[in-house]
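Proteins come first, then strands; the chains are lettered A, B, ... in the order of their sequence lines, and each starts at number 1.
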Amino acid sequence: MPELPEVEVIIRHLHKKLVNRTIKGIKVFYEPIVQNIARFNQMLNQTFLDVQRKGKYLLFFLSDDWALVGHLRMEGKLYLKPQKDCLKTGKHEYFRLLLDNDMVLQYYDFRKFGRFLLFKKDRYLEESKLERLALDPFLINAKTFYERLQKTRVVIKKVLLNQQIISGIGNIYANEILFAARLHPETKATYLNFAQTQLILTKAQFILKESIVLGGTTISTFDALGQTGSFQNKLLVHGKDKQNCVVCQNKIEKRKIGGRGSYFCSHCQPMITKKD
DNA sequence: TTTTAGACCTGTTTGC
DNA sequence: TGCAAACAGGTCTAAA
């Protein structure tokens, strides 16, 4: 599922292909994805001025001061193809934008979880609630992150998935980051000292950066040439339950933490049971 | 104010 | 082999 690296890869690609392109046609096949078709249609004849990422959100800034805020959630995928290659509506295709160069931006999402909402630029942060979103591991201040950790009663795994504390990390990378930092996912966040907090950020930056270089973990295709991420080959614990730990050869365990499948090595990631 | 649980979804996996 | 139930997971909302 798209987390920070996958969204970053998509954004970099779309930025090259969309900026200065004008939307000449809009088709919505499943209204809940855009929530309000009439509003979504306001994008007609608007030009893409910029494409950015904030956490796992995609931001498209358009002329006439519109901002399209998108989130791919679990399975959302964007494809950019020549119009002649997408004459038929695809299964699970929920909207498409026809561009002035006869390319089509298609949105597919078989779980229908993704959302693409249009706001006026001066109010989009407030109305989309993006103002609540924390900074991502590349931008967040270590001291701010540490102070936030000291204020919560939940375990570190849940903290890493809380987008209001730190953004961009999803379940896959949370598992990998905690393994890299040798921290048990059920360690209470308040038990971590400043050095351990810094280590989480350092490992997060390293892992996310490497994944971006490798094109992410989600298999995504954005244009006719296609692009496939390969970070899935670098995963050390996620999805590896009952397999041997690459460090100590003990079995990787799987446990539900906060409703999410969590993978860890209890030998390499010992539980911290009291404050340092 | 913080935390938790349920809802939203459907393809895939598992169990009978 | 075929069917049904469980599972996967990011975010939002309501309830505790």
Would you indicate, yes or no, if [N] has its OP1 or OP2 atom less than 4.0 angstrom from a side-chain nitrogen or oxygen of [X]?
X	N	result
A:T152	B:dT2	no
A:K158	B:dT4	yes
A:Y57	C:dG10	no
A:K256	C:dA6	no

Check the distance between [N]'s [atom2] and [X]'s [atom1] and give it to me in whole angstrom.
X	N	atom1	atom2	result
A:N175	C:dG10	CG	P	10 Å
A:Y173	C:dG9	OH	P	14 Å
A:D109	C:dG10	CG	C1'	11 Å
A:K188	B:dT2	NZ	P	17 Å
A:L149	B:dT3	CG	P	11 Å
A:K151	B:dT1	NZ	P	13 Å
A:F110	C:dG10	CZ	P	13 Å
A:E31	B:dC8	CD	C1'	17 Å

I want to confirm an ordering. Mapping A:I169 and A:R111 to their closest nucleotides on DNA chain C, which one lands closer to the 5' end?
A:R111
Would you say the base of C:dG10 and the side-chain of A:R260 have a donor-acceptor pair closer than 3.5 Å?
yes
So which residues get pulled into A:L49's cluster when ILVMFWY side chains under 4.5 Å apart are joined, directly or through others?
none
Among A:K157, A:R255, A:Q269, side chain to side chain donor-acceptor pair (under 3.5 Å) partner for A:E186
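Answer after filtering A:K157, A:R255, A:Q269: A:R255.
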Check against salt bridge (Lys or Arg N to Asp or Glu O under 4.0 Å), A:E147 and A:K143
CA-CA 6 Å; A:E147 286 169 355; A:K143 187 164 171 284; 3.1 Å; yes
Proximity to the side chain of [X] - top-ranked nucleotide from [options]:
X	options	answer
A:K129	C:dG10, B:dT2, C:dT13	C:dT13
A:K254	C:dA8, C:dT13, C:dT11	C:dA8
A:K112	C:dG9, B:dT4, B:dC9	B:dC9
A:H92	C:dA8, C:dG10, B:dG11	B:dG11
A:Q163	C:dT11, C:dG9, B:dT10	C:dT11
A:R73	C:dG9, C:dT11, B:dT4	C:dT11

So A:G261, base contact, sugar-phosphate only, or nothing? Heavy-atom distance under 4.0 Å.
sugar-phosphate
Least distance between heavy atoms, A:I212 atom then A:E8 atom
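Taking A:I212 first and A:E8 second, the nearest heavy atoms are CD1-CG, 3.8 Å.
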Give a yes/no verdict on base stacking between B:dC8 and A:F113: centres under 5.5 Å, planes within less than 30° of parallel.
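Whether judged by distance or by angle, A:F113 passes, so it stacks on the base of B:dC8.
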Under 3.5 Å: donor-acceptor pair, side chain of A:E6, backbone of A:E3:
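At least one qualifying donor-acceptor pair exists.
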Just checking, any donor-acceptor pair under 3.5 angstrom between side chains of A:K120 and A:Q42?
no
